[in-house]
Amino acid sequence: MKLSGVEIRWVEMPLRSPFRTSFGTQTVRELLLLRAVTDEGEGWGECVAMADPVYSSEYLEGCADVLRRFLVPALSGRVDGVSVAPRLARFRGHRMAKGALEMAVLDAELRARGVSFARELGATRDRVPCGVSVGIMNSIPELLDAVDGYLGEGYVRIKLKIEPGWDVEPVRAVRERFGDDVLLQVDANTAYTLGDARHLARLDPFDLLLIEQPLDEEELLAHAELAKVVRTPICLDESITSARSAADAIKLGACQVVNVKPGRVGGYLEARRIHDVCAAHGIALWCGGMLETGIGRAANVALAALPGCTLPGDTSASDRYYLTDVTEPFVLDDGHLAVPTGPGLGVTPLADALDAVTVKTEWVPVGAG
């Protein structure tokens, strides 16, 4: 295909309720949506960077800038999804921006070919089990009410966000209230240090699926040391930025589980490579979430349907976070979401819904910069 240019949309999606993690509280999800225009049709991508560089070094305006000045102009001439990453490799970092651009180009290509994202990635299931991420609450009774509601909706796995001062007691309360049969895991978002190892080991009696990213993203060796102290399986999130980093973490014994987030690793094709690395080493894998709209959710559900994704992911229904999505909503059915089967992502933004949350747009032609 020949790429004419990319429309960047700044979108603000009000959350149904505040979502608190160890690095802050969100009430509105700000993100970028990309519309790639080619001579064979259009495709959509979603940039999952946050407004501030707190989850990673990337942030919204930085992504827009690198897309405008470097990434989009680099895709002149003929291009397809597979060629995007090699064409952008000379630009260091900026994986979320690169991943969004690759996603948009790949979506346009697959729509033109009449092939679904799921088929292209190698999905083997037509629906995927869904977990839900529960933010840090003001009180344990509030937490128990939230978990009760999500279990009532049919979610098959509960993930609790934790931080120092909000860890053992919330987990204990959820276990005591809902029993040992509930699939339960925790996510620290790098909030602890290796000096907290003995404290984190106090989570072991609660039979958790995993503890996600307890230490800083660069501390692979420290995670390997932590794994010698705690029995709960260590899952890496922020530390996994590529198939190579996944292989290194596995070799070091730094993790027994991997959370793959396509935006964090530079796109869905690299996410598939991480899937293959984990499958080859017998490492459990699941698809994480970044409060995506229906556009990113469609692609995540397709990825979660790969055979190596052996644990329920953060692929929640649209109404987990938003009253109104920018696509037809994803609706939970017996704890599962259906994998889209239409060409490309299998979903298309609803014009009125998209316009209602769009703050501004910018057209970036190929060859500009």
Side-chain angles (χ1 to χ4, degrees), residues 21-22 128-134 155-164 166-168 170-172 174-175 178-241 243 245-261 264-265 271 274-289 303-304 306-315:
T21 68
S22 62
V128 297
C130 296
V132 65
S133 182
V134 184
Y155 284 102
V156 301
R157 184 225 69 197
I158 300 293
K159 179 169 85 173
L160 304 181
K161 294 288 188 177
I162 62 170
E163 65 181 2
W166 181 268
D167 42 38
V168 176
V171 171
R172 184 193 314 278
V174 169
R175 270 289 182 241
F178 301 104
D180 295 335
D181 291 338
V182 172
L183 299 179
L184 185 62
Q185 63 193 57
V186 295
D187 181 8
N189 290 116
T190 75
Y192 296 85
T193 70
L194 188 57
D196 296 312
R198 294 296 177 187
H199 177 73
L200 291 172
R202 293 177 60 197
L203 295 170
D204 288 341
F206 301 112
D207 193 27
L208 301 176
L209 287 174
L210 54 92
I211 177 172
E212 184 179 348
Q213 197 68 45
L215 313 179
D216 186 80
E217 62 188 76
E218 296 183 0
E219 295 184 336
L220 286 184
L221 290 177
H223 277 101
E225 290 301 311
L226 180 64
K228 298 175 183 178
V229 179
V230 302
R231 296 196 313 272
T232 304
I234 303 296
C235 172
L236 291 182
D237 173 355
E238 288 94 331
S239 295
I240 304 300
T241 57
S245 66
D248 289 346
I250 293 167
K251 185 174 182 179
L252 287 170
C255 64
Q256 295 78 50
V257 187
V258 166
N259 168 5
V260 61
K261 291 178 178 172
R264 191 192 65 235
V265 304
I274 293 172
H275 164 276
D276 295 345
V277 167
C278 290
H281 289 84
I283 296 294
L285 181 76
W286 55 283
C287 180
L303 179 66
L306 267 62
C309 289
T310 53
L311 295 175
D314 285 339
T315 47

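The structure presented is a predicted model; accordingly, all values stated were derived computationally and were not measured. Only this structure's heavy atoms are used, side chains among them; waters, hydrogens and symmetry mates stay out.
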Would you tabulate the side-chain donor-acceptor contacts of residues 217-225 under 3.5 Å, counting partners in other chains and residues two or more places apart, or write 'none'?
from	atom 1	to	atom 2	distance (Å)
His223	ND1	Glu219	O	2.8
His223	NE2	Leu215	N	3.2
Glu225	OE2	Lys228	NZ	3.1

According to salt bridge (charged side-chain N to carboxylate O under 4.0 Å, His left out), does anything in residues 189-206 pair up with another residue at least two apart or in another chain? List the pairs. none
Is there a side-chain contact between Leu160 and Val174, using heavy atoms and a 4.5 Å cut-off? yes
Contact check, side chains of His275 and Val260, non-hydrogen atoms, under 4.5 Å: no
Contacts of type salt bridge (charged side-chain N to carboxylate O under 4.0 Å, His left out), residue Asp187, not counting sequence neighbours: Lys159, Lys161
Tyr155: side-chain hydrogen bond (donor to acceptor under 3.5 Å, both in side chains) partners, not counting sequence neighbours: none
Any heavy-atom pair between the side chains of Pro214 and Leu226 that's under 4.5 Å? yes
Test Gln213 against Tyr192 for side-chain contact (heavy atoms from CB on, under 4.5 Å), laying out the working first. CA-CA 9 Å; Gln213 197 68 45; Tyr192 296 85; over 6 Å; no
Name each donor-acceptor pair under 3.5 Å that joins a side chain in residues 249-257 to protein atoms two or more places apart or in another chain, with its distance.
from	atom 1	to	atom 2	distance (Å)
Gln256	OE1	Ile234	N	2.7

Arg157 and Val132, any side-chain heavy atoms less than 4.5 Å apart: no
So, does Arg264 use its side chain to make a donor-acceptor pair with the main chain of Thr241 at under 3.5 Å? no
Would you please name every residue forming a side-chain hydrogen bond (donor to acceptor under 3.5 Å, both in side chains) with Arg172, sequence neighbours left out? Glu169
Are any non-hydrogen side-chain atoms of Ile274 and Ile240 less than 4.5 angstrom apart? yes
Scanning both residues in full, the closest heavy-atom pair of Gly288 with Asp314 reads C-CB, 3.9 Å
Evaluate the side-chain proximity of Leu210 to Glu212: yes if any heavy-atom separation is below 4.5 Å, no if none is. yes
